[in-house]
Amino acid sequence: MLQVNFIRDNKEQVLAGLQTRNYKGEQLAIVDKVLALDDQRKSTQTKLDSILAANNKISKEIGGLYKQGKREEAEVLKAQVESQKGKVKELEEEMRQVKAQLTDALLDIPNVPHPNVPPGNTDEDNEVFQDWGNDLPDMGEGAQPHWELGKKYNLFDFELGVKIAGAGFPLFRGKGARLQRGLINFFLDEAHKAGYEEFMPPLLVNEDSARATGQLPDKEGQMYHATKDNLYLIPTAEVPVTNVCRDVILNEKDFPIKMTGHTPCFRREAGSYGKEVKGLNRVHQFEKVEIVQIVHPEKSYEALQEMLNHVEGLLQQLELPYRILTLCGGDLGFTSALTYDFEVYSAAQKRWLEVSSVSNFETYQSNRLKVRFKGGDKKTQLAHTLNGSALALPRIIAALLENNQTAEGIRLPKAIQSYVGMEIIS
RNA sequence: GGAGGAGUGGCAGAGCGGUUGAAUGCACUGGUCUUGAAAACCAGCAUAGGCGAGAGUCUAUCGGGGGUUCGAAUCCCUCCUCCUCCGCCA
């Protein structure tokens, strides 16, 4: 969430940001609401503090009087403090409520989009930041989609997944399982080379962690919830990995913090069915390698570019046609200031598939995470956080299979042949 | 899962109802001394929030939450975590 003081000092900028996100009319009133609640919070605290200060002072006097044996005088003062108790309780309750309302209101305000975020309403308005050009692969008439190829080469089995768990839980087997394992290792090795520390985090997280990275309360329905122990299955490694730095005050010298991790990701994807989700296009459980950076505020857009280059390098090594989109105001994630999506062309489905999303959250996430650092001036301030997929597996596998199908089998790109242990899947 | 013990500042560790936001040591930062370093000495060293132009001052925080009390790090309840023993187990 945004900091109240930032909103107060940059109200026009925040309002303009909301407009980029297509907030109109009454929806913009949220900003004034936040400021009003904050004013109320302050005045309530001033009242409360002055009573508490007076009470504390008297209590100390009582201590002194008891030592001197002046019981009666002490009793008088006791009664005096006691008489304020109701008022204190009342103000404390008011404080609790105002704070809760303020937090709720702040949670309703999305991040301020970066000036480069194009206007627009839907994914159709996303701006192509980097195009592939016209020579998209044409596999001809007989090209098979990945779900057919998976069956043909016995790489994965959706029916068995349904039997064991349910729809959207694919079962990888044989060469399909090896392909997936090889890709994960390839991605992790590349991240390692780029200076990211590798993590193997818990796959279930507690409420505090889910709240800190913003999955709660906004995306409650999208996560699997182990209610008995009140733990959530992670929808992305971003959650456990970013939480490494929760409530930490870093030293400026620690920057940049670069973390990576491979995890399965669990998403309920409630309400999405149909063609768009066929095969591996959208599943409840998938593998992903995530990269996270925590950096000095002045360096975050450099870091974003670096992450962009990293993801681009992966796709080039995989020899897949890709394009990069700048998400428009309407499609931009609630917590993000600037997001680039990577899409890979699926030759048989004849459509672009999103395989990575790289975002700069600036201080929006770190404010809730309380990731701060001390700069040269000894002041603590919020760090910037960024993350991106590098990469998500299922759609990469879909594109690899579809784009590389030949009569002899599926020819793997050079970069991963040693990882998978074969040149061709036949 | 059962029984017992413990959680205090970056770390170690006092305090166990009254001016204690918290002794002391270490670490860290600045200074004195020194050609330089070490040692020694002096000073500083938590976070968040309110009020204030500022100096500053007030409030909250001793694992989390709640309670008792004029007053809680200290007493009570509850949750969490760690340690020891027993049981179970990949």
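Order of the sequence lines fixes the chain letters, A, B, ..., with proteins taken first and strands second; residue numbering starts at 1 for each chain. No hydrogens, no waters, no symmetry mates; every other heavy atom, side chains included, goes into these values.
- Here A/Arg41 does not reach the OP1 or OP2 of B/G49: none of its side-chain N or O atoms lies under 4.0 Å away.
- Checking B/G18, B/G66, B/U59 against every side-chain atom of A/Arg96, the shortest atom distance belongs to B/G66.
- Under 4.0 angstrom from either OP1 or OP2 of B/G18 there lies no side-chain N or O belonging to A/Lys78.
- In this structure, A/Asn55 does not reach the B/C70 phosphate: none of its side-chain N or O atoms is under 4.0 Å from OP1 or OP2.
- Rounded to an integer number of Å, the gap from A/Leu65 CG to B/C70 P is 15 Å.
- Pairing partner, B/C41: B/G31, with both Watson-Crick or wobble hydrogen-bond distances short of 3.5 Å.
- A/Leu77 comes within 4.0 angstrom of nothing in the nucleic acid, heavy atoms only.
- Taking the six-membered ring where tryptophan is involved, the planes of A/Tyr364 and A/Phe334 are perpendicular, since the angle between them exceeds 60° and thus also 30°.
- Between A/Asp229 atom CG and B/C79 atom P there is a gap of 15 Å when expressed in whole angstrom units.
- Shown here is A/Glu72, whose CD atom has no more than 12 heavy atoms of other residues, nucleotides or ligands within 6.0 Å.
- Remark: B/G18 base-pairs with B/C70. Criterion, Watson-Crick or G-U wobble with two distances under 3.5 Å.
- Separation of the C1' atoms belonging to B/C11 and B/C16 is 23 Å when rounded to the nearest angstrom.
- The distance from atom CD of A/Glu207 to atom P of B/C79 is 17 Å, rounded to the nearest whole Å.
- The nucleotide B/C85 finds its pairing partner in B/G2, both defining distances of the Watson-Crick or G-U wobble pair being shorter than 3.5 Å.
- Nucleotide B/G9 is matched to nothing when pairs are restricted to Watson-Crick or G-U wobble geometry with both distances under 3.5 angstrom.
- When both pairing distances are held under 3.5 Å, B/U47 makes a Watson-Crick or G-U pair with B/A60.
- Nucleotides B/U19 and B/U68 place their P atoms 22 Å apart, quoted to the nearest Å.
- As a whole-Å value, the separation of A/Gln3 CD from B/A48 C1' is 13 Å.
- Phosphate contact (OP1/OP2 of B/A48, side-chain N/O of A/Thr380, threshold under 4.0 Å): present.
- The phosphate of B/A60 (OP1 or OP2) has a side-chain N or O of A/Asn56 nearer than 4.0 angstrom.
- Remark: the A/Asp49 side chain and the A/Thr46 side chain contain no N/O donor-acceptor pair separated by less than 3.5 Å.
- Using a 4.0 Å heavy-atom distance criterion, A/Gln45 is classed as a base contact.
- Rounded to whole Å, the P atom of B/C86 lies 27 Å from the corresponding atom of B/U8.
- Base-pair partner of B/A55: not found among the strands shown (Watson-Crick or G-U wobble, both distances under 3.5 Å).
- The aromatic ring centroids of A/Phe373 and A/His296 lie less than 6.0 Å from each other.
- In this entry the distance linking CD of A/Gln84 with P of B/U69 reads 17 Å, nearest Å.
- Residues A/Glu148 and A/Gln405 have side chains that never bring a donor and an acceptor to within less than 3.5 angstrom of each other.
- Of the P atoms belonging to B/G10 and B/C28, the separation is 16 Å, rounded to the nearest Å.
- Side chain to side chain, A/Gln97 and A/Gln101 fail the donor-acceptor criterion of an N or O pair below 3.5 Å.
- Contact annotation: A/Lys379 does not reach the phosphate of B/U47 (side-chain N/O to OP1 or OP2, under 4.0 Å).
- Comparing A/Leu52 and A/Thr46, the nucleotide of RNA chain B nearest to each residue sits closer to the 5' end for A/Thr46.
- Residue contacts shown for A/Leu48 are absent, as no nucleic acid heavy atom lies under 4.0 Å away.
- If you look at A/Tyr340 and A/Phe342, their ring centroids are not closer than 6.0 Å.
- An OP1 or OP2 oxygen of B/U47 is reached within less than 4.0 angstrom by no side-chain nitrogen or oxygen of A/Arg372.
- Looking at which nucleotide of RNA chain B each of A/Val81 and A/Ser43 is closest to, the 5′-most match is held by A/Ser43.
- Within 4.0 Å (heavy atoms only), A/Lys57 reaches no atom of the nucleic acid at all.
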